[in-house]
Amino acid sequence: MIETMTKKPRVRFAPSPTGLLHVGSARAALFNWLYARHTGGTFLVRIEDTDLERSTEEATRQILESLEWLGLTPDEPVQYQAKRAHIHRAYLERLLESGHAYRCYCPKEKLDELREQARAEGRIFAYRREMFPDDEARKLEAAGAPFVIRFRAPVGGITAFDDIVYGHIEVENDTIGDFVIARADGTPLYNFTNVVDDIDMGITLICRGEDHVPNTPKQIMIYRALGVEPPQFAHLPLILGPDKQKLSKRHGATGVTEFREMGILPEALVNYLALLGWAPPEAEFDEVMPLEELIARFSLERVSKSPAVFDHEKLLWMNGVYIRRSPRDRIEALVRERLARRWPEIESPSFQPPNPLLTRDPWLRGIIELAIERSRTLADFPDQLAYFFERPESYDEKATKKFLSSPAQVAQLEHTAKILGDAWEQACTQANPAKADADALEHWCEAMEKPLREWAENENVKFGNVAQPVRLAVTGRTASPPLFHVLWFLGRDETLYRIHACAQWARARMKNK
RNA sequence: GCCCGGUUCGUCUAGCGGUCUAGGACAUCGCCCUCUCACGGCGAAGAUCACGGGUUCGAAUCCCGUACCGGGUACCA
């Protein structure tokens, strides 16, 4: 243990490209990366594409892209296992020569039979060379029959290792038996290629999912047969869905690209994932932890042993915090992309916002700003801001009943439109948000609010009963950013138009009843 | 079946023999702020520490058993 400390740490993330980068894998990548950054070591990526049946280039591309998006980029060029076949072959040869591996001619039928028999007797099935007669094997060999290559596992005794997360784990060698390391077509298998590549790449610590625990003793046997000291191991508990089953597609989003599409920020996902199954040494700490802090405090020793349920709600909360804390320019750029997807005209040079006093960029910046503290994902913004781009097609049903179901109420709404219209110019002379600093908008809002409030007081109606109908008329909804901010970005004409259109609609509605 | 693990509020976790009448975060509920929503602030509720035995003056913390959950049991990774 001490001697490994003297070597510069080298860790790797080794996904098999059979699908999207799953959040479970992403977390494994993250923990490796954090470990490397914390220890000043090297983080590598190796694509394990030896299973040609299931591996695709598209998956490789996606995985690499997701890693990059998360900021988990390797310190050396990405390795592809399929391109390392010559190295695997050389090591295989070594094992064959030293007698640590042998050609196994035992036919599949015989294996199935042995397996069946072991199960019937309540034993674990562990193949041994002795189970197939030598002379028969020689006959098949002479006849050029197909064979697999098996690793000759030690007979008797135990293989043990000290997992950084799980502690001491030991397994009886006889429960493992002689396992296959190369297929009949000559291609090597995971347990073998993995070890060879990790040796060749100088890996000092292997951190991967808990599902690999059973592979570890086999791999340790191979290290020893090759005369190499095995690296350290750290296995990570699995991520579960709300039903406590292994997290899978049927639980909803599980791929990193899906989270990206949902409008999750990479730093929020990283932060959330880091805290799933790991906690810093402090008893109390701010869970929104910048990357530097994460790196500084990270240690595999503090990884939890038990599987964790993925809590989507908490991720959304954390993402909201990151949206609010991110530099405005960054959020603005990201949101603009999404707004443009839905309303492509905003990127046209001739785009004119509804408030003619404003040009596009300050207008966009302004409305985006209004939605920031109301959004948990980037995808929330377009929904949040839709009424700035489209006139309301309908009005909230309950609010209509409450605020616009009598001629008096509609008349009141129209009267507020008059007050607003009259106040507009004057408010602009007091403080013009179009040309002045940040507080100008606040002052303008106050100037707009004042006459409306005074009128409400005189009429003896609560201000809320004045503001809500206007909000309903201009947005169609009962919830929005502060009313006067909304009105400003809508502009005078659009505001008045919408109020009158709504009043008309409300009257027609009453008639039809 | 067999092998290997795991088990603290609904969820993520702190806890490594006395400081625990178990701490924090998300979610929930209430209050405050308030033109609505949100943000923010304050507060409440929520865990007989899976269960049963030990060890000990003393156990969420150590040991054993049981239950439940998970992983593995491939010529997948």
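Reckoned from all heavy atoms, side chains included, excluding hydrogens, waters and symmetry mates. Below, read A as the first sequence line, B as the second, and so on, with proteins coming before strands; counting in each chain starts at 1. For clarity, every value in this text was computed on a predicted model and none was experimentally measured.
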**Message:** What I'd like to find out is whether the side chain of A:P217 reaches to under 4.5 Å of the side chain of A:F161, using heavy atoms alone.
**Reply:** yes

**Position toward the 5' end of RNA chain B (nearest nucleotide), A:A308 or A:L238** = A:A308

**Sugar-phosphate, base or nothing in reach of A:Y190, heavy atoms under 4.0 Å** = base

**Message:** Any strand counts, and the cut-off is 3.5 Å on both contacts for Watson-Crick or G-U wobble. Which nucleotide pairs with B:rC33?
**Reply:** none

**Request:** Give A:G320 one of three labels, base, sugar-phosphate or nothing, depending on what nucleic acid heavy atoms sit under 4.0 Å from its own.
**Result:** nothing

**Item:** Closest listed nucleotide, where the reference is the side chain of A:R374 and the choices are B:rC37, B:rG71, B:rA77
**Value:** B:rC37

**B:rU21 - base-pair partner by Watson-Crick or wobble geometry, distances under 3.5 Å** = none

**Prompt:** Heavy atoms under 4.0 Å, any strand shown: does A:A279 hit a base, just sugar-phosphate, or nothing?
**Reply:** sugar-phosphate

**Prompt:** With no hydrogens and no angle check, do the side chains of A:Q81 and A:D49 hold a donor and an acceptor under 3.5 Å apart?
**Reply:** no

**Prompt:** For B:rC68, which nucleotide in any strand shown is its Watson-Crick or wobble partner with both distances under 3.5 Å?
**Reply:** B:rG6

**Prompt:** To the nearest Å, how far apart are A:E457 CD and B:rC35 P?
**Reply:** 12 Å

**Prompt:** To the nearest angstrom, how far is A:N173 atom CG from B:rC4 atom P?
**Reply:** 12 Å

**Asked** Taking atom C1' of B:rC76 as reference, at what distance in whole Å does atom CG of A:D185 sit?
**Response** 13 Å

**Prompt:** Would you say a side-chain N or O of A:R302 is under 4.0 Å from OP1 or OP2 of B:rG15?
**Reply:** yes

**Message:** Please tell me if A:K244 has a side-chain N or O lying less than 4.0 Å from either OP1 or OP2 of B:rC68.
**Reply:** no

**Asked** Is A:N191 touching bases, backbone alone, or none of the nucleic acid, heavy atoms closer than 4.0 Å?
**Response** nothing

**Request:** Starting from the 5' end of RNA chain B, give me the residue, A:V148 or A:F285, whose nearest nucleotide shows up first.
**Result:** A:F285

**Request:** Rounded to the nearest angstrom, tell me the gap between atom CD in A:E109 and atom P in B:rC75.
**Result:** 13 Å

**Request:** Please state whether the phosphate of B:rC39, meaning OP1 or OP2, lies under 4.0 angstrom from any side-chain nitrogen or oxygen of A:R376.
**Result:** no

**Message:** Let's test your reading of the model: under 3.5 Å, does the base of B:rC76 pair with the side chain of A:R54 as donor and acceptor?
**Reply:** yes

**Message:** Need one value for A:S55: base, sugar-phosphate or nothing, where a base atom within 4.0 Å counts as base even if backbone is also close, heavy atoms only.
**Reply:** nothing

**Request:** For the residue pair A:T216 and A:H235, confirm or rule out a side-chain donor-acceptor distance under 3.5 Å.
**Result:** yes

**Prompt:** With both distances under 3.5 angstrom, what nucleotide forms a Watson-Crick or G-U wobble pair with B:rG46?
**Reply:** none

**Request:** Flag the pair A:Y190 / A:H212 as yes when their ring centroid distance falls below 6.0 Å, and as no otherwise.
**Result:** yes

**Request:** Rounded off to whole Å, could you give me the CZ-to-C1' distance for the A:R103 and B:rC75 pair?
**Result:** 16 Å

**Request:** Please work out if A:V180 contacts a base, only the sugar-phosphate, or nothing of the nucleic acid, heavy-atom cut-off 4.0 Å.
**Result:** sugar-phosphate

**Asked** Is it true that the NZ or CZ of A:R84 lies under 6.0 Å from the centre of A:Y80's six-membered ring and within 45 degrees of the ring axis?
**Response** no

**Request:** Would you mind classifying the nucleic acid contact of A:K246 as base, sugar-phosphate or nothing, using non-hydrogen atoms under 4.0 angstrom?
**Result:** sugar-phosphate

**Request:** Measure from NZ or CZ of A:R46 to the centre of the six-membered ring of A:F13 and say whether it is under 6.0 Å with the direction within 45° of the ring axis.
**Result:** no

**Message:** Looking at A:D396 and A:R477, is any side-chain nitrogen of the basic one under 4.0 Å from a carboxylate oxygen of the acidic one?
**Reply:** no

**Request:** Using a 4.0 Å heavy-atom cut-off across all strands, classify A:P482 as base, sugar-phosphate, or nothing.
**Result:** base

**Message:** By the 4.0 Å heavy-atom rule, please label A:T478 as base, sugar-phosphate, or nothing.
**Reply:** base

**Message:** Under 4.0 Å, heavy atoms only, any strand: does A:R324 hit a base, just the sugar-phosphate, or nothing?
**Reply:** sugar-phosphate

**Request:** Would you mind classifying the nucleic acid contact of A:H235 as base, sugar-phosphate or nothing, using non-hydrogen atoms under 4.0 angstrom?
**Result:** nothing

**Message:** Check this for me: does the side-chain of A:N194 come within 3.5 Å of the base of B:rA77 through a donor and an acceptor?
**Reply:** no

**Fill in**
Quick note, A:E210 side chain, CB onward, closest among B:rG70, B:rG24, B:rC4 is B:rG70

